[in-house]
Structure formats: structure tokens, C-alpha cells
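Let me begin by presenting the structure, written as C-alpha cells, before commenting on it.
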Amino acid sequence: MLYTLIPFLPLAAFLVLGLGGTRIKEQAHLVAVPAVLLSCLLSISAFTEVASGSVISVPLYTWLTSGNLDVHIGLYIDRLTAVMLLLVTIVSSLVHIYTIGYMHGEPGYARFFSYIALFTFSMLMLVLADNLLQLFVFWEAVGLCSYLLIGHWYERASACSAATKAFLVNRVGDFGFLLGLLLVWYSFGSLNYHDIFPAAHEAANQTINLLSPLGGNWDVSLFTLIGLLLFTGAIGKSAQVPLHVWLPDAMEGPTPISALIHAATMVTAGVFMVARLAPLYNLSPVAMQVVALVGAATMVVGATIALTQTDIKRVVAYSTVSQLGYMVMACGLGAYASGMYHLLTHGAFKALLFLGCGSVIVALHHEQDIRRMGGLKDKLPVTYWTFVIGSLALAGFPLTAGFFSKDAVLVAAWLSGPLGQALAVLGLLTALMTAFYSFRLVFVTFWGPSRVDPHHADHIHEPSRTITVPLLILAVLSILTGYLGIPSFLEPVFSTGGEHSGEHGAAGLGIMIAATLMGLAGIAGAYYVYVLNPDLPDRFARQWESLYKGSLNKWYVDEAYDRAFVKPTMMAASELWKRVDVEVIDGAVNGVARGVAWSGWLLRLVQSGQTQHYALAMAGGIVVLVTMLILF
Amino acid sequence: MAELFFGYFAGVIALTAVLVVALRNPVYSALALLVLFFHVAGLYVTLHAEFLAAVQLIVYAGAILVLYLFVVMLLNLKQDDRYHHQWRIAAFVCVPLLLEFLVLLAGNGVAPQSSPLTAEQTAAASDNTMAIGTTLFTTYLFPFEVASLILLVAMIGAIILAKRDIGEGGQT
Amino acid sequence: MTFSPGDLFLILPELLVITAACLVLVLDPVLSSSQKDGLAWLSLGTLAICMGLIASQMNHAASAFGGIVIIDAYACFWRLLLCFVAGLTVLLSHTYLREERLYFGEYYGFVLLSLSGMMVMVSAADLLTIYLGTELMSLSLYVMAGLKRSEPRSLEASAKYFVLGAFSSGILLYGISLLYGATGSTRLPAIAAAIAGRSLDDPLLLAATVLLAVGFGFKLAVVPFHMWTPDVYQGAPTSVTAFMAVASKAASFGAFLRVFVEGLGSLKANWSAIFLLVCIATLVLGNIVALVQTNIKRMLAYSSIAHAGYALIGVVAAGVAGTQTGEANGITAVMLYLALYAFMTFGAFTIVAMLRKGGLDGDEIEDFSGLAARHPLAALLMLVFMVSLAGIPPTAGFIGKFYVFMAAVEAGLTWLAVLALVFAAISAYYYLRIIMVMYMREPDPLTAASPRLIMSPALSIVLACAVAGVVFFGLYPSPLVNLAGHAVLTFK
Amino acid sequence: MTVPISYYLILSAIVFLTGVVGVLIRRNIIAILLSIELMLNATNINFVAFSEYLQDMGGQVFVFFALTVAAAEVAVGLAIIIALHRAKDSINIEEFNLLKW
Amino acid sequence: MTHSFPWLTLLIVLPLAGAVALCFAKDTSVRLIALGITAADLLLSLPLWWLFDASSGSMQFNETALWISTPPIHYRLGLDGISLPLVLMTTMLMPLCVLISWRSIDQRIRSFMAMLLVMEGAMIGVFAALDFVLFYVFWEAMLIPMYLLIGVWGGPNRIYAAVKFFLYTLVGSVLLLVAILVLYFQSGHTFDIVQLSQAAVPASLQFWLFLAFFAAFAVKVPMFPFHTWLPDAHVEAPTAGSVILASVLLKMGGYGFVRFSLPMLPDASIAFAPLMITLSIVAIIYGAYMALAQTDLKKLIAYSSVSHMGFVTLGLFTFNIQGIEGAVMQMVNHGITTGGLFLCVGVIYERTHSRQIADNTGLTTPMPRYATLLVIFALSSLGLPGTNSFVGEFMVLAGTFIWSKLATALASLGIILAAAYMLWMIQRVAFGLPSAPVLSALRDLDRREMATLIPLVVLVFLIGIFPNPILTRMHASVNQVLARTSVPTAATAMRAENQLLPAPTNGDSLAMETPRP
């Protein structure tokens, strides 16, 4: 099937670059870019085919069989997949192009291209998976690419530890994912979507006793358990609270990566997974509620932290966390289509924002602290304007893509019940903060007096065209995607969910107005604070010092983890090693050896060299033997 | 009567045996042993082993013991003034051993497999020497030959060991 | 009660050995020093002929001298082994004596006389003859141990060996006398007939059994009658030690089995209890004390004590086994063990004999430092012997242990097998130490005279025989197993 | 002939054990050899007594051989003693302990 | 299924003959000869892969000859789907071991190569032996060469390590010998492994035999409290020795369990399963913790082996096809991955003469190729999907899940920890900047070293992406093992009483046996 090429073209690019990268070097983009563009074209073709109503399924090969564990690798394209395909290939193509300019002259140029090609392949395979294990395999594979790309500048210690952290935190999530996956297999005897989904309804009432090892009795619904376990994976991958800590650190990677992986595609895999498994989640209200609450919490936490960050990419990163919270919350409330919709628009405008950041950073010679920027709007006009469009979309400014999708999420939340209404209110609040921090970024970076390092201040200019063109395209997309009618396109996939995107009614209108107002208020607030009264932030910070510091230090989550998990683990490891392994086990082993040797030394003394002692021993032997025989 | 003889011989044998061990001067020990040999020979006679009694006197008393005395004199040994320091432990071991032996050999009413000799049998067995001779050269011919080898070994071995001249590379 | 000339044919090997011995003794003073090599070749030739003769007697069980001597396959097995070991000894001594400057032509005579005593021991069926054989063997060995008169240790070894040997033969003799009193005969078949159905309730039998066990225990060097072994093995000239460690032990086992299984067979419940105790003590003590030795001859002495313990497992198994085959398997195992033990121990002692430090034996374990670098082949051979002594496949030592433990398990003594194997694992430590010293240590540069290795064609032959036996029987023990199995069948 | 065999056995046991004790406690090697002679004599008493009681010549023959062996042992033993004395000017067995442990 | 061609004998004899031949070779050609022989052995073993009949669970390539008549001990060889991959793994690794020692071993190279070849013969023999005594002979025969490899060519503390290795394993295996003998008398006077695997042994006896088998195999694996020889041996051994130890010797423990314990002592295996699984999980987590605490590269990998081998024993005692096949896969994979890691450490040790992580930092800058390969092996080691290790671990976890969900969850923790110590290691060794100037001047991998590592990398991905060819060859054989252990209700009832961890049938009715269509 031709569509097989969609993922395998990037793979081919990766192999060529990976094996011959040292020779190709500066020409690496000549391999990678055409491959991704081609697969982008094929994706569009696939999209149109799927849009006409068909579902494409391409079996590839049998991965492993063992008893009833029977896993095949295959491609499966329905509407959900098709949308994701478009997102991935388009953003990826643009990032590829952007990279040509951004990474120009870097020693790891070819390596970088090979990694993103590999990432594109993995991400495509992830969304194309027709079974859970394939999903998991590429779920981890994208994690690997993320790891490699975060650590792209391997000389930097901070990049390396960020990479490690990202991988580890994801592993924690994947731990749950794996167990959930096994539970699915155990319960259904299969991992294929088309086996599981039909069977799911029949098993709806099954429960599992979680306390059976202890002899207790705590029955939990099978699907709740499956849902929660799988969602653990999503928490990790989509940077939800409490595993969100890796994502901001991941900004140590080159900016194109932040755009592609840590904003548009990989981090949304969790949302995609929940949406993909909607038939299972729908069977467990508890799991759904947990998903929604986690999403909401993430949304709020991310936004509050983003308010005070000073690193340009970290602000955007926390906004990503926050936006991912929106999507997850939407899924948790059953509004899968809205969630996916937001995913898509977010993919466009967040990629735009990140690439814009990248443009700024390149222009400022890798300066990322917004306190040392300012007044750039004249020097970097393309960047500035596209950045503003992205920020407007993020802030939910009317008629941008972000406006529509955020509105869809909030409306769906409101309509989904009491919990949803509470969360919708939170969502509105977050929207306010979102608008505030995104325009804080705009104003501080581009407006006002220049605080740029005087060394660089003179030669700030717009980067090359390979950078600006993707920005422009993404800016267009940031507006355009709002008008494509994605929710209704996706509706058939989630037909079992109770969402009716068509009937917003009065509530819908109210939410829309509220959200708009919130967005405008946020922008106005930012303008007031950062343009009109630049000394205000400092005063705020002094006035609410603990709040400010909490936000600035990301609510001390990293520190808490360090104290609660990392340090104790390392302590336990070295203590266990010294106490148990070295002292107890080896001590026992060496002790036995020493004991034997010691008794040897002792017994050796019997051999005194005195002949008559020897004779005495013989006589003693006679006594013992005679006694023994007499007595027994 | 027999008991009387036995009592005498046994008494002297036991006494001299103890003396052999107890006397510190090896010459005295050897002399005590000599007395013991004579009495053992006497005991043999009461047991109708006249040939052995004679051999006992000739070989043991006449040859072996003389050899001992000869060596003792040759080496001009001083009196052995102490027993080995382990004698207490030795006593600790040997006393139970003695008790066990006594229990085994006497206490449990030893019953020899064949009955004691009758008078007729005693008479028949009078030609002890001839009987031994016949047996030696018929039934025990092979051991006899082996014994001769033992003597050969002893002879040559003694020469080799006691020979004085041991130059480096000296010829034998 | 008479003998026929045919009897002489049966003991022809013994007669040949004796004749050769006498010839050696007679020729020795006659020959000049340069011609004395001829004595060795004479001895060797005789031994070769004897082995041929014995092999031909293998399949015809017969008794001679009115049943005093039994030439059956069992006896032939041991006689073959003994002749072989004596041959190796002669070859080893040929070079070793020259190196030690011990120019005794009589030496070969003593080897042969001792051998004849051993051969008498294993083919005798009469306690008197066994006793005489033992004495013949021992007296020769006492003398041989003290041959290196210039060396106080050698004399001391000889003296200790002699005093304790005489002591033990007194005990043995006392036991025989009691047994004679209890059964009325010194012939093993007659003894067996007399005690059939009797038990140790008979105090004479009890005392006799214990004393015989002690007497033989001394010769076998089992705990607690072993204590002469390390001293004597260390002090005696190495070639004599090798001969003692292998031949005298084998002969003693041969006679010992004959006496206890054939003569005292109906008391096996009792004596197996004795030997069980002795066996455990031997395994424990032999292995543990060997761990801390610094002199290799002494270490090998303890190792030989421990090996006697392993062989005793077979004896105990034979005693405990309820079935005829179980008993036969136990005895087979012992025979096999001793035969295989002969190869490896002799090989090890040969290497020890070859190693010289200055004009002396290089018999401290430290002297082996760096041997692998200087003499890789010798080190390799020593490695093979050590591995075999440790009982690790694919060497002969493993096969020996395998059969012994098989017999033990068959007899239901699984726990004993476990115990013995645990001690086998411990024993591996001290054998490994030799390997370690040879391969992983460099010789101490401070010691002026670094040990060297004496070489000669004769030694090469000895080593070749030993290593061939260890490897061949380790890989393909069937011939020996069949031989021993066959010998045991004629035994009872 | 009414002396019970057990009397002879007890006598021999006493002599034998006296010999054993001698071996264990005398320091002079010659004295030790003398003690061993005691042991052998004890054995011989046994043999002769049993021979008488069993009406069997074997015991007496055994004594004959035992005597021979004893003679041979003495010869070798004394030779060793002489050699020892020559080397160390002592025949105190306690002093011969180069070989130990 | 008797093939007339004696494949297995040749496979065993060729290296042994090679070892002998080396003694007579010229000094300069020793390495080449060793390489040639190991390569020839590899080539010789490859056809087995295709000749193997995957549909049959019985032994193939059988060879039988009477070795010793009383008791009947045979020279009997054969392979099934369980031993086939292990044999191939062995033959594949040996040329690499020769290559990696090319320059790092500069003393007594002849003996070294001879030892390697002897090891190869013995190792193949262990996997191919079908007579218990023959098996034992091969099993023990490996000890001495390995002892020498560690002790002669090892690091500073080599003697202690060598002796510890030797005694530890010997003590374990002597008990095995007794068990073999007892089994002989209890099940029809035969040492034939195939027959013994069908014999009925009284359950009470099985208990003791299992313990004896356990002593031998658990030490070799090594399972939790018996593992302390491993870090020492690994650290001190020369690279080739570490590779052999980790890749092949450890497998023999697992192989022993699956070949002997499970089929011969099914009742005891089931009764002991809770204990075994508990120990396995302890090993997985404990080993990972230990690895976290290490500052020495080899020690880290050694402890990671403890952890990974825990998955093997875990899988074996789940008594289902996923678990056992996963365990065998894990054995093969661990051989490849850990072998690769040790080779990597060897390469760097050759250059910096230190195995301390702190002395080998920031290697990507001077040695990009090296760093790439190291990262690949490390990722494989932490069980990244797409690499080989994931397959085995996933299958084991799947098998365990049927047995107990709690056990699975605990075992999965090991995977998290594996990521922690491996990534931390990479972070320090591969990434960052070199901590000392000398490190910047290191030369990257040369052709020989690439040739050593690349085959393993290929296998890492090949097996990771296409595990099924191995699995299909395994199914029939594993089913035979399972036929013995899936003993009926009586046994399961016993398990229910004794269990430490729950059986799946307790609370929920989700029967595994009825997969939905």
C-alpha cells in the first residue's frame, strides 16, 4: 500500500543519515526534507481518502506470537489518525525546513536531521498503530527521540540531565501504561483495537479485587483500572500534573525540537491515546473523572507558573503544559473531539510560538532570558508579527484558531455536567492567565526599551528565509485551522460519546463571550502591567512574595521530588549496597571462608610434630571406636 | 596347680611389664624386659608350646634384647629423667581403654569356641616342635618365604641406615 | 596342605619381582657408578614383564598354597596397579636420586621388595600372610623414607614412620590374635564361615574388629590414625613419598577390603559404622587442614588423607548397601578411586620432585610462583593434576568421585555424599591455590635462587603416563570401570 | 588345664596396654621400642593361649612369624636410632619435631 | 530426527581441537587462528538455524554413543528450540571475544586464546548435552578455564574474584551432582535427560532435588542472595571473560531451570514457584538498586545483570508460554546486550585503564562512534521497545501478569530503575564534556572494534524488530516443558495454599484461557 510510505520515508531518511551521516554532513537536509515533504503529501492524500468515509488498514508483519499473545504490526488510518497524520507531517515538514536555517553550521547537523526523521517515523507509527503494543512501542520510541534531541547538545550538563529527567519521568508513566496494556491483554486476550473495542461492552461490569494479595476485598471496575493505568502513561507523556516536570526542562533541546516534539506532536500523544481508547474510557466514569481533574489541575498549575518565568522558552513550555491540561480535561469530560480540535490548533500556534522564540534566540545569539530582550519588534518584524498571531491564538482572541478550539473545549465542559461546569470556570480563569502571560511575553520581548547585550544589539537581524517561511505558514495555519470543522469531522470516531458539538445553545454563547472577555482582559492586563507601569511587576512580587516565589520556582515540585524520590533512592541504593551486599551477604560468604580457614589453623596445631601425640591420637581413636561399638 | 603356675607367671609378667615402662634407665628397662621374656617362655611351656618357649628365649632374650643393650651401651645414653609431658592425658586415654578391654575380654564371660584340651589331646600334642615344623613347611610355606624377605630387608636396611660413610656422591 | 609347581606359576610375578630385587641388591656393589642405571632398567623390565603376566592371569581365578594366596581378578587389578606405580617410581627415582645425590643401587631393590610385600598383601587370603606382606612393605618404606641421611627431616620422617608403624602393627597383630581366638583361624574364608550369623555381641569380635580397623586405618592414613602422614610425606625423599602415597595406600586398601568384606563380611553393619565415623572425620580434617598448609608435600599429604576419606565412602557404601550389586558397586568405586588417584597423585608428586630450589627440593608452595611463565608445560600438567585431585571434570578425579558418590547414593547415604561433596568444594580451594600461585603470581625477585625444574626423558615418560591416565580415564573411564567391575565379580 | 582363657586374655591385655602406655609416655626411643616389644609379647601370649584352647597349630605358627618380624623391626629400628643419634646426638623423641603443622 | 551429519560434535570438537592446535602455532598467528576457529564454528552453527524443524518439540540433530556402560552414560547431544538460540548466541559471541582481546591481552596470548576456545567447546556442550552426566561434565569443565581467565588476565583484585567465582559455583554444582545421582536411582536408572524429563519422581523427593538443583542454578543465574560473586568476577575479569560470564555462563543457570528443574521436578517447581518469583522480584529491584550505587562501570553492568536475570527466573516460574518463552528470549537478549556493554567497557578500559565512571566522562566528543554504540546497548539494556530486551521483558511481564498482577507491578519497577541507572551512566560517560584532557585525545573505534560491536548492534535491532523467528522455533519445545508443569488441579490447590503471591484465579473470573475472538 502506498500509505505505508508515510512513516517509512522518514525512516529511510533516518537510516541514510544515521549510517552515512558523517559523510553527508551539511547536505543532510537534502535527504530529510524531501522525505518528510513526500510523506506529508501522502498524508494529505490519505486524509482525503479517509474523509470520503473509508478506513484504511495495512497489515505489515507479525511481530511476536506466544500462546495467545499475538502481536502484529500494522497501519490503521481512520479520521482520528488522519488528522494526526496531517498535524505531524505538516509541522514536521515545517520544522525540518526551519531547521535548515536554525541549525546551520552546527556540528551535529546531520545527526539532528536523522533524529527528527526518526522522531517523525516513530510519531507516525504511533498514530498509525492498530494495536496497543505498537502504540506502546512507538510511544517509547518517540520518548527516545525526545531524549536524544533534548540531549542534542550533549556537551551541556543541563541538557543531559534534562534529557535523562525526561526519559525517567516518562518511564514512570510508562510503567502504568505497560501494566494497563497487560491488563487489557489479560482481559481480552488481544491487544488489537478491533478486537478490544467490540468486546469492551460485554466486559463492562467486571471487577478486579485489588487487595487479593493481602486477603482483602476491594473490587475495582476493570475499565477504571485499565483507564487509570493507561492514563498514567498519558500523564507522563503529555506532561500532566504531577509528572509535568520534565517538559519545561526539555527546553534545553534545540528550539525546533521544542516546537515539534514538546509542543505540537509528541506531548499530545497522551491526548491522542485517550481519544483513541475512548471506547474503553467511556465505560468508566471514575477514570474519566480522574482524567478530567488531572487535566484541569495541569491547566491551572501550568498557567500559574508561566506567569512568572523569565526564560522565553519556559514561558511557552508552561503554557504548553497548561494547554495540554485543557485537552486532557476535554477528553476526561467526554469531549474527545473538542480535545482533539484543541490539540490540532494548539499544534499549529504553539509550533509557531516556539519557532518564533527560536528566531528571537538565534537573532540574539542564544539569549533566552526575556529580561535581556525588549524592543525587538522593529528589528525582527516577521518574527514579531507571527509571534503576535501565535499569542493571539493562544490567548483565545476571537477568530483565531485558538479561540474556536478553546471555546469548544469550554463549552463541551460546561455541557457535560456539574463537574464539567466547575472545571469550565477554572478553564475560564486559566484563559485569563493564558492571555496575560502570553502578552507579557510579547510586550517584554518585543516592546519597550532594548535590554539586549550591547555586543549583539547592533547586528540583530531577521534570520534566513528557511526560518521565516515556516513562521509565516504556521501563522496562516494558526488562524486557518479554526475554520476547518475538525470537531464534526472527528465526530464519527467518537460517536459513542455524548457530545453534540452542534447544539451549543445559550450556554455555549455565554461561555464564548466569557472566554473572549477573559482573553481580552488578560491582554489588557498585560498591557497595563508591562507597558504602562513597568515597575508594577516588582511591586507585586514584593507584596505577594511567597506566591511569587512559588510560581517562579514552579511550586517547588522538582525540589519535592528530589527530596521524596531521588535522594532517598540514591541513599537507599548506596546504603543497601554497603549494608546488605557488602556486609551481610559478602560478609557471610567471606565469614564462612574465614571460619573454615581459621578452623584449619586450629586443627593444624594438633599436628604438633610430637610422635607420641600421634600415638596418643591413635589410642584415643581406639577408645572412641570401642566405646561407640559398645554403646550402640 | 595350673592356676598356681599361671598366677606366678602372670604376676611376674605384669610386674615386669610395668617396670619396663616405669624404670627410667633404659638399661634397667631392658633387664626387666628380659625377666618378662623368661616368664613368658614359662607360660608358653604351660601352654604346651615348648618350641616357642625355646625360640622366645633364644631369639628374644638371646638376640633381640642383647641387641638393645648393645645399642644402649653404644650410644652411651644418659638416664631418661622425665616421662613425656603428655603422660596425664595418656593415662586419661589408657585407663578407659584398659577398662574397656577388661570388660570385653573378661567381664562378658569369654567362651572359647572349642573346649579346653583334654588329657588325651595334650598327650597327642606332645610333639610340639615337629608339628610346628610340618605346618611351617607345608601350609605356611609361602609366608615363610615372605618372612625371609622381611629379614633380608631388615638386614640391608639396617646396613644402609646405620652405615657411617655418607659422603656426597660417595659410592655405596 | 601341599603346594604344586602350578602355585609357583601363579605367584610368578611376585617371584620375578623378588628375583629382580635380589639381583639388584647383589649387582649393586659390583657395578660401577656409571653402570647403575642398568639397575633401574632391570627393575623396569621386570615390572613390564610382571604386568604382562598379571594381565594374562586376570581371567583365571585360582588359589595357591592351600588357599593362602588367591590370584583372582581382584588381586590382579591391584597387582597391576602396584606394578605400574612401582614402574613409575623407578622412572621418577632414576632422575630424582641423581639430583639428590643419593646413589643407592639398593634403592631399586627396596622399591621392588616393598612392591612384593604389597603384592602379597593384595593377593593373600590369610591374615598371617597379609600381616607379613604389610611388614615387608612397611619395613622397606621405613628404610626408604630415611634414605636421605644427610637431611635431618628425612631421618626424622623415617623414625616417626617407624615408631608409629611398629605401634600400629602391634595393634593390628593384637587384633588378629583376638580374631584368631574368636574364630579359630586366620584364613579369611574360614573366618567368614565362623562368624556368619554372629554379631558384635561377642566381645572378642568387637575388640578384634576395632583393632583391625585401627591397624588398617593407620596404613590407609585415615583420621585419627593419619597423623604420621604429613610429617613422613614431607620428610621423605619425594620419589619415596610418591610411592608411599600411591602404592602403599592402594595395597592397604586392597588388603583392607579383602579382610573386611570377605573376612568380616557378616559384621558389615558394625564396621561400616566405624568407617562412617572415620570417613567423616577424615573428610573434614583432611580437607580443612590442607587449606592452611604452606609446604606442598604436606598439603598433598593432607590431600591424600582426604582422598582416603573419599575412598572410604565407597567402603561404607559397600557396608551399608543392602544388595549384592550395591556392595559390588561400592567396592568397584573404591578400586576405581584408588586407581585414578594413583595417576593424579603420582603426577603431582613428580612435578614436586622436579622442582628444585638450589640443591634442595622446591617443595614450598611459594616456590611454584610464576611456574607457568617459566615452564608452561609443567605448569599445565600440574594444573591438570590439581584439577583432577579437586575432582573437576573432565579429569579422572571426577570419575573417581562420581562412582564413589554413586555408590553412596545407591546405598542411601545421600547425606554423606552431600557432606563429602561440600568438602570436595572446600578442597578445591587448596588445589586452586597451587594453580593460582603458578599462574597468577610472579616469583619473588628477592629470593636469590629461583626454583628450576629438572628434566629428563624418564620424567617425561612418568608425566606422560600420569597425564595420559588422568585425561584418558577422565574422558573415557570405561576400560577401567569394566576392569574394576569385573574384578569385583570374582572377588566374592 | 583349668585356667580359663579369659585369664590369659586379661594378662595379655594388661601387658599390651602397659606397652601402649610405654609408647605414649617414654621419651627415649629405645624405651619406646621396648614398649612395643611388650605389645608384641602380649599378642604372642594371646596366640599361644588360643592355640592351646583351639587345638590349632596356626596360633603358634603365627607367634613364630611374629617373632621373626619383631626381630626384623628391631634391626631396622635400632639402625634408625643409631642414625638419629649420629645426626642429633640424642634419641629423645620429643626433640625430633622439625616436621610439624 | 537423526541427522547423519554430526553437527553438534563438530561444534564442540572444533574449538577444543583449535585449543590444542594453538599450542603448536606460531606466536604471530595465534590470534588469527583463534579468530578463524571461532568464526568457523559460527559458520558451522548457522545452518542449524535453518535446518531446525520448528514444528517439532523434540530434540534435533541428535547424536548418541555409549560412553560408559556401567552405569549407562551416553554421549548424547541434541538441540531443541530452547537450546538452539543459546548455542547460536554462544558461537556468535566467541569471535567477538577473540576480536576484543586482540590487543588488550598482550601476555600469554596463546593460553588466553586456548582458554577461550576451551570455554566455547564446553559452553556449547552444556547447551547441547542430553545426558545429565555429560551435561555436568561440560558444566564443570568451564570452571577452570574461567578461573584462569579471571585470575591470570584479570584486574588488580583478580585472585580474590577468581577464587570467589570458582568456589561459589562449585559449591552450588556439587549439590547438583548429588541430585543427578539421586534422580538416577529414583527414575529408572537413566541419565537421559529426555527420559528424565518424563519420569515421575515422588513429590517429597522432588522437594530436596529442587533445592539441590536450585543451589547450582541459582548461583549461576545468579539469584538474589547468591549473587555477590558476580560483581567481583565481572569487574576483575578481562573483557572477553566478562562477556562470556555475562552472556553465556549466566544463561546456564536459567537454562538449567528450564531444562531440568521444570520438567523433571514439576511438582516441586510449582510448590517453589512463589519463593522463586519472590526471589526473582527481589533480584530485579535489588539488583537495580545496587547498580544505582555503583561508580565502577563493570560493577554497574554486573548488578544490572542481576536485575535482568531476575526476569529470566521470573518468567520461568510463571508456567505459561509467554513467561517461559520470554525468559528464554531474555536470556538471549541479555547475552547480546550485556555482552555489548561489556565490550564497550573493554574498549574504553583499553584506552583509559580505568573503569571508574568518573574517569571516563564526556566520551561523545572524542569518540562519537563509540558513544553511539554505548548508548544503543544501554538503551537496549533498559528495555527500550524496538530493541531486543524489550521483547523478552515484555513477554516475561505478560507471563507474570497471568500469574500475579502484584508481581508484575513490582517487576515493572525494575524497568524504571533500569532506566535510571543506565541513563545516569550514559549521562556521565557519554554526554557532557571530558573531565580530563587525556580523554579528549582518545581515538575513536577502529575497524576491528567496530567489527566487534556492530554484529551485536545489528542483533539488538534485528531481534527487537523481528523476534518471531526465534519464538516460532521455541513454541513446540516450550510447550513440552509446559505439558509437565501445567499439572492439574492437585498442584494448583497446593499452590493456592502455599502462595506468597496470588494466583490469577482468585478474585476475578477473567480466564486467560478464553480469549475473545
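Note that the coordinates shown come from a computational prediction; the quantities given were computed from them, not determined experimentally. Side-chain atoms are counted along with the backbone in the values below, which use heavy atoms only and exclude waters and symmetry mates. Lettering of chains follows the sequences in order, A, B, ..., and the numbering in each one begins at 1.
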Which distance, rounded to the nearest 0.5 Å, do you find between the [atom1] of [X] and the [atom2] of [Y]?
X	Y	atom1	atom2	answer
D:Leu24	C:Phe167	CG	CZ	5.0 Å
C:Leu139	D:Glu73	CG	CD	6.0 Å
D:Met39	C:Ser169	CE	OG	7.5 Å
C:Leu179	D:Phe50	CG	CZ	9.5 Å
D:Ile80	C:Lys160	CD1	NZ	13.5 Å

What part of [X] gets within 4.5 angstrom of chain D, counting heavy atoms only: side chain, backbone, both, or neither?
X	value
C:Thr294	neither
C:Thr186	side chain
C:Arg298	side chain
C:Ala157	both
C:Phe162	side chain
C:Ile171	both
C:Pro230	neither
C:Leu132	side chain
C:Ile176	both

Is there a side chain to side chain contact (heavy atoms under 4.5 Å, CB included) between D:Ser12 and C:Tyr174 once you walk through the steps?
CA-CA 9 Å; D:Ser12 85; C:Tyr174 199 74; 2.9 Å; yes
Closest approach of C:Val163 and D:Ile32, non-hydrogen atoms and distance?
CG1-CG2, 3.8 Å
Where do C:Gly184 and D:Leu54 come nearest, in terms of heavy atoms and distance?
CA-CD1, 3.4 Å
Does any heavy atom of chain C fall under 4.5 Å from the side chain of [X], the backbone, both, or neither of them?
X	value
D:Phe16	side chain
D:Ile93	side chain
D:Leu40	side chain
D:Val20	both

Which members of residues 111-119 of chain C, sorted by number, sit under 4.5 angstrom from chain D on a heavy-atom basis?
none
Can you find a heavy atom in the side chain of D:Leu9 that is under 4.5 Å from one in the side chain of C:Leu178?
yes
Is there side-chain contact between D:Phe62 and C:Tyr131, with heavy atoms separated by less than 4.5 Å?
yes
All pairs passing side chain to side chain donor-acceptor pair (under 3.5 Å) where residues 56-67 of chain D contributes a residue, at least two apart
B:Asn128-D:Gln60, C:Tyr180-D:Asp56
Who wins among C:Leu173, C:Leu155, C:Val143 for the most heavy-atom pairs under 4.5 Å with chain D?
C:Leu173
Under the side chain to side chain contact (heavy atoms under 4.5 Å, CB included) criterion, do C:Glu156 and D:Lys88 qualify, and how do the steps go?
CA-CA 10 Å; C:Glu156 182 180 328; D:Lys88 202 154 182 180; 5.8 Å; no
When heavy-atom pairs shorter than 4.5 Å are enumerated against chain C, which of D:Ala70, D:Ala83, D:Ala87, D:Gly77 gives the highest number?
D:Gly77
